[in-house]
K.L.:
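Have a look at this one.
Every heavy atom of this structure was used, including side-chain atoms; hydrogens, water molecules and symmetry mates were not. A quick note: this is a predicted structure, and the numbers were derived from the prediction, not measured.
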Amino acid sequence: MDASVGKTEAQLVAARREHLERLRARSSDPFAQTKYPVDASAAELVARYAFLENGQDASAEAWSLAGRLLGKRTMGKSIFGDLQDSSGRVQLYVRKDDVGEASFADWDDLERGDLVGVRGYMFRSKMGEPTLHVTAFSVLGKALMPLPDKWHGLQDVEKRYRQRYVDLIVNPEVRDTMIMRSRLISEMRRFIDGRGFYEVETPTLLHVAGGAAARPFVTHCNALDQTMQLRIATELNLKRLIVAGLERVYEIGRIFRNEGIDTTHNPEFTMLELYAAYWDVSDMMEFNEELVARLVSVAGDGGDELAHGDATISFARPFARIEYFEGMARYSEGKYTRDGLLDATEAQRILRELGLPPSPSHGHALDKIFERVLEPHLTAPTFVTGYPVLISPLAKRREADPALADRYELFCAGMEISNAFTELNDPDDQRARFEAQIAQRAGGDEEVPEPDWDFVRALEYGMPPTAGIGIGIDRLIMLLTGQRSIRDVMLFPLQRQHG
RNA sequence: GCGCCUUUAGCUCAGUCGGUAGAGCAGCGGCCUUUUAAGCCGUUGGUCCCGGGUUCGAGUCCCGGAGGGCGCACCA
């Protein structure tokens with residue numbers, strides 16, 4: 001806890017401790033409670049009794065619910081309160097006549113933030129508010145810390161991230177977003193499981209973090225007395241499982257990349273990777289389109305559109321498709337052609353022309369040009385297909401055009417949503433591409449991973465033709481919930497430790 | 001790493017030209033048995049992010065530092 005508690009805050013805490021002692025003195029010790037029989041939720045009750053007219057009650061049916069008291073309006077011998085549980089909020093009404101003098105006195109020592117269990121029946125107040133008329137209650141916990149402003153909630157962004165529990169208590173929109181995230185991931189699993197995939201877990205601690213271009217976090221394993229790296233992708237281990245014959249596998253898990261932090265990057269984030277033996281990239285594209293359409297429907301209340309800023313994005317299928325080099329040419333008025341981009345010297349010249357710094361490698365240059373030239377135009381969901389092999393070290397070549405990989409990326413709102421390809425399963429080609437990466441590393445591109453030679457050996461045992469996909473879950477949730485910062489779709493985003 | 005913005009009561013925020021700290025909510029004491037940002041009366045509460053400097057005097061101006069946000073750079 002924060003050691004520097006201000007005087008005002010200390011007084012507020014002291015007052016709450018006095019209330020606690022008074023409750024204990026009347027043998028209603030909040031912290032002595034172990035459980036409470038709950039048979040309803042706030043949202044359920046409000047929905048179930050929607051038919052009640054103003055002033056009408058349903059006193060024949062009693063319900064018990066529990067949650068946090070978020071408001072208290074004392075009117076002499078009666079009290080209105082607001083109870084919040086995980087489903088939402090419902091108003092409470094307590095009368096001295098109903099609960100008795102001794103019990104009513106407990107409410108003097110209850111305040112915003114406390115945890116209560118209540119039993120009673122529903123009615124609709126004169127003003128039309130669905131309300132639980134409380135006939136009995138228990139104090140289930142005491143908040144010793146004062147909650148933020150009841151109207152403005154918690155606005156201080158830093159405190160919201162550092163003390164997310166407070167943010168979630170008082171800011172309903174934050175709760176809604178996090179609950180929607182959970183529902184969307186759950187729906188994603190249901191969709192995938194329904195197609196015969198096994199969910200698997202592969203190691204987070206690795207000797208060589210591969211499968212992507214990123215700097216890893218480095219740590220040390222005491223038992224082995226060896227340096228370890230945190231994974232930057234799950235790709236290579238999942239493909240080992242394809243070699244092993246599991247045929248359809250996926251993992252939803254944390255990935256760690258020791259790089260910058262901004263509105264679309266957090267050092268640890270959640271990735272879905274999925275591999276299907278005997279599929280090719282076009283099977284994956286269809287799967288991807290269906291999955292995204294399904295999630296849009298969940299997030300968008302059954303529709304196929306999502307609000308994005310002031311605009312609306314349609315996810316009506318089929319999504320747009322454009323070839324990588326076609327797109328580059330189109331959005332450069334024909335200046336950046338396939339031949340030019342595939343020439344390392346010309347690619348560096350284009351970088352200069354765009355005012356970008358020189359790249360440590362040809363592949364890096366292509367990515368920079370793509371981000372500048374094409375990506376900003378990809379607002380509607382669009383599959384960009386046919387990536388150059390030189391930036392696709394793990395993808396299979398197109399048979400008809402060996403400079404290109406059978407790969408696509410799905411973009412939306414200027415953000416990369418997924419990356420998929422027919423997997424390279426020729427061990428000799430894979431070994432050659434790893435060797436090319438060693439040269440890139442030597443050339444100064446520190447993002448290029450160290451080769452994982454055991455992965456080549458795995459391919460030497462034979463991997464069936466396979467398609468794979470990676471989806472950055474956090475960015476997808478941002479898109480689906482209309483959040484502008486990755487921190488607003490993560491429960492506990494990374495913050496610098498206080499000095 | 002660079003630039004801009006920001007940090008005042010538990011929370012949300014004012015604070016003019018440099019003149020010695022304000023409001024609402026919360027809390028505390030009252031009144032009130034259908035209110036809902038309840039209302040009415042009274043009232044407590046401050047490391048103005050930290051450290052220097054200028055000044056008779058700094059929340060305010062200057063320098064340095066820290067946290068946070070945004071943008072750029074970085075980041076498949």
K.L.:
Watson-Crick or G-U wobble partner for B:C72, using a 3.5 Å limit on both distances?
P.N.:
B:G1

K.L.:
Rounding to a whole Å, what distance do you find between A:Phe123:CZ and B:U35:C1'?
P.N.:
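It works out to 9 Å between those atoms.
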
K.L.:
Nearest to the side chain of A:Pro357 - B:U34, B:C11, B:A73?
P.N.:
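Of all the options, the side chain of A:Pro357 is nearest to B:A73.
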
K.L.:
Tell me whether the side-chain N/O atoms of A:Thr263 come closer than 4.0 Å to OP1 or OP2 in B:G71.
P.N.:
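For A:Thr263, the contact criterion (side-chain N or O under 4.0 Å from OP1 or OP2 of B:G71) is met.
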
K.L.:
Would you tell me if any nitrogen or oxygen in the side chain of A:Lys159 comes within less than 4.0 Å of OP1 or OP2 on B:G68?
P.N.:
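So the side chain of A:Lys159 is outside the cut-off, no N or O lying under 4.0 Å from OP1 or OP2 of B:G68.
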
K.L.:
Just name whichever nucleotide pairs with B:U36, Watson-Crick or G-U, keeping both distances under 3.5 Å, else none.
P.N.:
none

K.L.:
Hey, does A:Lys96 reach any base, or is it just sugar-phosphate, or nothing, if we go heavy atoms under 4.0 Å?
P.N.:
nothing

K.L.:
Give a yes/no answer on whether the side chain of A:His19 brings an N or O atom under 4.0 Å of OP1 or OP2 in B:C28.
P.N.:
yes

K.L.:
Could you give the distance separating B:C62 and B:G45 at their C1' atoms, to the nearest angstrom?
P.N.:
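After rounding to an integer number of Å, I get 33 Å for this pair.
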
K.L.:
Taking any strand in view, what nucleotide pairs with B:C13 in a Watson-Crick or G-U wobble way, both distances under 3.5 Å?
P.N.:
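Its partner is B:G22.
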
K.L.:
So, A:Asp452 and A:Arg240, do they make that salt bridge, N to O below 4.0 Å?
P.N.:
yes

K.L.:
Return the value, rounded to whole Å, for the distance between atom CG of A:Leu12 and atom P of B:G46.
P.N.:
11 Å

K.L.:
Over how many whole Å does the gap from A:Glu259 atom CD to B:A73 atom C1' extend?
P.N.:
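Taking atom C1' of B:A73 as the reference, CD of A:Glu259 is at 13 Å.
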
K.L.:
Hey, is the side chain of A:Asp262 pairing donor to acceptor with the base of B:G71 inside 3.5 Å?
P.N.:
no

K.L.:
Can the ring centres of A:Phe370 and A:Phe411 be said to be less than 6.0 Å apart?
P.N.:
yes

K.L.:
Quick one: A:Leu354 CG to B:A73 C1', roughly how many Å, whole number?
P.N.:
16 Å

K.L.:
Tell me, please, whether A:Phe492 has A:Arg164 positioned over its six-membered ring: NZ or CZ under 6.0 Å from the ring centre and within 45 degrees of its axis?
P.N.:
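Not flagged: A:Arg164 not positioned over aromatic ring of A:Phe492.
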
K.L.:
Taking the nucleotide of RNA chain B with the closest heavy atom to each, which residue, A:Phe80 or A:Leu154, is nearer the 5' end?
P.N.:
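Looking at RNA chain B, the more 5' nearest nucleotide goes with A:Leu154.
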
K.L.:
Please classify the nucleic acid contact of A:Phe370 as base, sugar-phosphate, or nothing, using heavy-atom distances under 4.0 Å.
P.N.:
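No contact at all - A:Phe370 keeps every heavy atom at 4.0 Å or more from the nucleic acid.
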
K.L.:
Identify whether any heavy atom of A:Glu416 sits under 4.0 Å from a base atom; if not, whether one sits that close to sugar-phosphate; answer base, sugar-phosphate or nothing.
P.N.:
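Here A:Glu416 touches the backbone only, sparing every base.
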
K.L.:
In this structure, how many angstroms lie between the C1' atom of B:A76 and the CG atom of A:Leu410, rounded?
P.N.:
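Atom CG in A:Leu410 sits about 14 Å away from atom C1' in B:A76.
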
K.L.:
Counting just side-chain N and O atoms, does A:Ser125 come under 4.0 Å of either OP1 or OP2 of B:U35?
P.N.:
no

K.L.:
Mind checking the P distance from B:U47 to B:G10? Whole angstroms is fine.
P.N.:
7 Å

K.L.:
Of all the nucleotides listed (B:G10, B:G69, B:U35), which has the minimum atom distance to the side chain of A:Tyr161?
P.N.:
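Looking only at heavy atoms from C-beta outward on A:Tyr161, the closest nucleotide is B:G69.
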
K.L.:
Side-chain donor or acceptor of A:Ser78 under 3.5 Å from a matching atom on the base of B:U34?
P.N.:
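There is none.
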
K.L.:
Should the pair A:His133 and A:Tyr121 be assigned to parallel (<30°), tilted (30 to 60°) or perpendicular (>60°) ring geometry?
P.N.:
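Parallel.
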
K.L.:
Just how far, in rounded Å, is P of B:U12 from CD of A:Glu158?
P.N.:
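Checked: the CD to P distance equals 12 Å.
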
K.L.:
Consider only side-chain N and O atoms of A:Arg254 and A:Thr270, and report whether a donor and an acceptor are under 3.5 Å apart.
P.N.:
yes

K.L.:
Whether the A:Asp488 and A:Tyr161 side chains hold a donor-acceptor pair (N or O, under 3.5 Å, no angle test) is what I'd like checked.
P.N.:
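Yes.
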
K.L.:
In whole angstroms, how far is the C1' atom of B:A76 from the CD atom of A:Glu235?
P.N.:
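The answer, rounded to whole Å, is 11 Å.
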
K.L.:
Could you tell me the Watson-Crick or G-U partner of B:U43, where both distances fall under 3.5 Å? Say none if there is no partner.
P.N.:
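B:G27 is the nucleotide pairing with B:U43.
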
K.L.:
Consider the side chain of A:His152, meaning its heavy atoms from C-beta on, and name the nucleotide among B:U12, B:G68, B:G46 that approaches it most closely.
P.N.:
B:U12

K.L.:
Considering only atom C1', compute the distance from B:A23 to B:U43 and round it to an integer number of Å.
P.N.:
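Here B:A23 and B:U43 have their C1' atoms 15 Å from each other.
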
K.L.:
Which is more 5' along RNA chain B, the nucleotide nearest A:Arg496 or the one nearest A:Ala213? Just name the residue.
P.N.:
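Its nearest nucleotide being more 5', the pick is A:Arg496.
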
K.L.:
Rounding to the closest angstrom, what is the interatomic distance between B:A66 and B:G52 at atom C1'?
P.N.:
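It works out to 15 Å between them.
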
K.L.:
Is a donor from one side chain sitting under 3.5 angstrom from an acceptor on the other, for A:Glu251 and A:Thr234?
P.N.:
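No - no donor-acceptor pair under 3.5 Å links their side chains.
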
K.L.:
Any donor-acceptor pair, under 3.5 Å, between the side chain of A:Glu129 and the base of B:U34, if you only look at N and O atoms?
P.N.:
no

K.L.:
Does the structure show a Watson-Crick or G-U wobble partner for B:G59, both distances under 3.5 Å? Name it, or say none.
P.N.:
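Checking every strand shown, B:G59 finds no partner, since no pair has both distances under 3.5 Å.
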
K.L.:
Can you tell whether the side chains of A:Arg338 and A:Asp401 come within less than 4.0 Å, N to carboxylate O?
P.N.:
yes

K.L.:
Is A:Gly470 touching bases, backbone alone, or none of the nucleic acid, heavy atoms closer than 4.0 Å?
P.N.:
nothing

K.L.:
Strictly below 4.0 Å: does A:Arg124 bring a side-chain N or O up to OP1 or OP2 of B:U35?
P.N.:
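Looking at the OP1 and OP2 atoms of B:U35, neither is under 4.0 Å from any side-chain N or O of A:Arg124.
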
K.L.:
Considering every strand and a 4.0 Å limit on heavy-atom distances, what is the contact class for A:Arg162: base, sugar-phosphate, or nothing?
P.N.:
sugar-phosphate

K.L.:
Please pick, from B:U36, B:U34, B:G27, the nucleotide with the shortest atom-to-atom distance to any side-chain atom of A:Glu111.
P.N.:
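Among B:U36, B:U34, B:G27, the one nearest the side chain of A:Glu111 is B:G27.
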
K.L.:
Using the P atom as the reference point in each nucleotide, state the distance between B:A9 and B:C50 in Å, no decimals.
P.N.:
11 Å

K.L.:
Relative to each other, are the rings of A:Tyr331 and A:His377 parallel, tilted or perpendicular (30° and 60° limits)?
P.N.:
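Ring orientation of A:Tyr331 relative to A:His377: parallel.
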
K.L.:
Roughly how many Å is it from CG in A:Leu494 to C1' in B:G69, rounded to a whole number?
P.N.:
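After rounding, the reported distance stands at 15 Å.
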
K.L.:
Taking only the side-chain nitrogens and oxygens of A:Gln495, find out if one of them lies under 4.0 Å from OP1 or OP2 of B:G69.
P.N.:
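Yes.
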
K.L.:
Reckon A:Arg73 has a side-chain N or O less than 4.0 Å from the OP1 or OP2 of B:G39?
P.N.:
no

K.L.:
With hydrogens left out and only the distance checked, is there a donor-acceptor pair under 3.5 Å joining A:Asp156's side chain and the base of B:U12?
P.N.:
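No.
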
K.L.:
Taking only the P atom of each, what is the distance from B:C63 to B:C72 in whole angstrom?
P.N.:
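Each nucleotide's P atom is 27 Å from the other's.
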
K.L.:
Given the P atoms of B:A26 and B:G68, what is the spacing between them in whole Å?
P.N.:
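So the two P atoms sit 32 Å from each other.
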
K.L.:
Please report the distance separating the C1' of B:C17 from the corresponding atom of B:C25, rounded so that it comes out in whole Å.
P.N.:
32 Å

